[in-house]
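Please read the structure below before turning to the comments.
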Amino acid sequence: MKIAFMGTPDFSVPCLRALAESGHEIVGVFCQPDKPVGRKQELHQPPVKQEALRHGFRVLQPTSLRGGQGVALLKELQPDLVIVVAYGKILPADFLAFPKYGCVNIHASLLPKYRGASPIHWAVMAGDAQTGVTVMQMDEGMDTGDILLVKKLPIPPDATTEEMFERLSELGAAAMLEAIRGIEEGTLTRTPQDHAAATTVGLLTKEMGAIDWRKPAKEIHNLIRGLYSWPGAYTSLHGKRLKLLRARCSDKSGKGAPGTVLIQNGALLVVCGDGQCVELLEVQPEGKKRMDAASFLNGRGAADGDQFEMTE
RNA sequence: CGCGGAGUAGAGCAACCCGGUAGCUCGUCGGGCUCAUAACCCGGAGGUUGUAGGUUCAAAUCCUGCCUCCGCAA
């Protein structure tokens with residue numbers, strides 16, 4: 001089968017790699033244009049582009065697919081099927097309709113839950129016990145297409161978004177191959193989504209990482225692991241920003257205002273709104289490298305009784 | 001030149017402003033106490049202070065170049 005692939009970030013790479021090894025003919029790989037990244041604004045190639053080049057695939061980075069621009073490219077490539085994994089742009093109707101088998105998307109949630117951007121973050125932040133990947137036949141809406149295939153995956157209580165990213169991207173690749181096989185053999189059934197049960201999530205912002213210590217410990221822990229490793233949760237101590245990288249719910253409760261630091265048996269605990277504590281395991285002070293809680297305390301980064309400030 | 005912080009024993013820091021041969025917490029090694037211990041007590045090892053040069057009687061400390069790491073911003 002002649003397949004065109006569309007994707008941009010790390011999450012898409014396992015799918016592209018699986019596709020490359022599948023024996024299908026890859027007629028082209030779409031991804032977002034190179035963007036300036038890093039402290040020095042260097043132009044950076046999206047992970048998918050790097051992977052595509054490694055395989056010698058043709059790379060296309062159109063700024064827009066609208067106004068027939070996308071279709072013009074498809075006419076040239078003549079794919080039977082287009083696989084879309086975290087591409088980052090809405091595909092217009094004429095584009096979706098062009099390939100013989102249409103466009104199929106791999107989405108990292110159990111649709112219709114968490115339609116939209118960053119579904120994995122939201123699932124972890126919500127403290128969900130289960131997530132998965134959904135393969136769907138794309139339509140014009142945002143993740144509203146008919147479901148072709150679903151694969152579920154449990155979310156361990158302390159798992160971070162980063163860990164789930166890895167597992168889900170691998171699972172996504174497996175689901176994708178299975179779906180392609182199904183499409184070729186005509187064995188897949190299309191199941192419409194229950195639109196009434198749909199939830200949609202938006203882009204993440206950095207400000208979301210600001211910890212409000214008045215919230216329950218469980219919620220704070222979910223926020224920290226849900227935003228790990230990007231954009232990251234943070235608080236403020238002595239006027240400096242402190243990134244909170246890893247934590248866990250402590251069975252200890254503590255007196256004191258929310259945000260109070262307690263040091264017990266070498267553990268760095270913080271009192272939360274419900275009186276329960278979260279134990280910080282790994283932090284990163286502004287301008288410093290990441291370090292475990294013990295190092296932070298040894299260097300006197302925080303002392304018993306300190307107050308974390310709640311940044312706006 | 002986008003703004004800013006930092007490179008000192010295995011780890012995290014102090015001493016730098018007001019130059020004078022390096023200190024703290026932890027780890028590590030040995031010994032002691034204890035039924036026992038990640039607890040406590042005693043003792044030891046471990047650093048040419050990122051790198052190159054300059055100023056000086058003397059530089060971790062002042063000056064200059066270079067390398068590296070990181071926060072903000074993207």
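Quick note on labels: first sequence line is chain A, next is B, and so on, each numbered from 1.
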With rounding to the nearest 0.5 angstrom, report the [atom1] to [atom2] distance, [X] to [Y].
X	Y	atom1	atom2	value
K89(A)	S64(A)	NZ	OG	7.5 Å
L281(A)	L245(A)	CG	CG	10.0 Å
R17(A)	S12(A)	CZ	OG	11.5 Å
R246(A)	D292(A)	CZ	CG	12.5 Å

For this session: Counting Watson-Crick and G-U wobble pairs only, both distances under 3.5 Å, name the nucleotide matched with G46(B), or none.
Result: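 Its partner: none found.
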
Problem set entry | Watson-Crick or G-U wobble partner of G71(B), both distances under 3.5 Å |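 The answer is C3(B), by the H-bond criterion.
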
Give me the distance, rounded to whole Å, that separates [N] from [M] when you measure between the [atom1] atoms they each carry.
N	M	atom1	value
G10(B)	G46(B)	P	12 Å
C26(B)	C42(B)	P	12 Å
C17(B)	A60(B)	C1'	14 Å
G54(B)	A11(B)	P	30 Å
G47(B)	A22(B)	C1'	8 Å

Euclidean distance, atom [atom1] of residue [X] to atom [atom2] of [N] [Å, nearest integer]:
X	N	atom1	atom2	answer
R290(A)	C70(B)	CZ	C1'	12 Å
R241(A)	C72(B)	CZ	P	6 Å
L268(A)	C26(B)	CG	C1'	15 Å
M291(A)	A11(B)	CE	C1'	9 Å
N265(A)	C40(B)	CG	C1'	14 Å
N298(A)	C13(B)	CG	C1'	9 Å
R300(A)	A15(B)	CZ	P	14 Å

Tell me whether the side-chain N/O atoms of [X] come closer than 4.0 Å to OP1 or OP2 in [N].
X	N	value
K240(A)	C72(B)	no
K288(A)	G7(B)	no
K243(A)	G71(B)	yes

Exercise. Regarding E309(A) and S236(A), is there a side-chain donor-to-acceptor distance under 3.5 Å anywhere?
Worked result: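 Yes, because at least one side-chain N or O of E309(A) sits under 3.5 Å from a partner of the opposite role on S236(A).
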
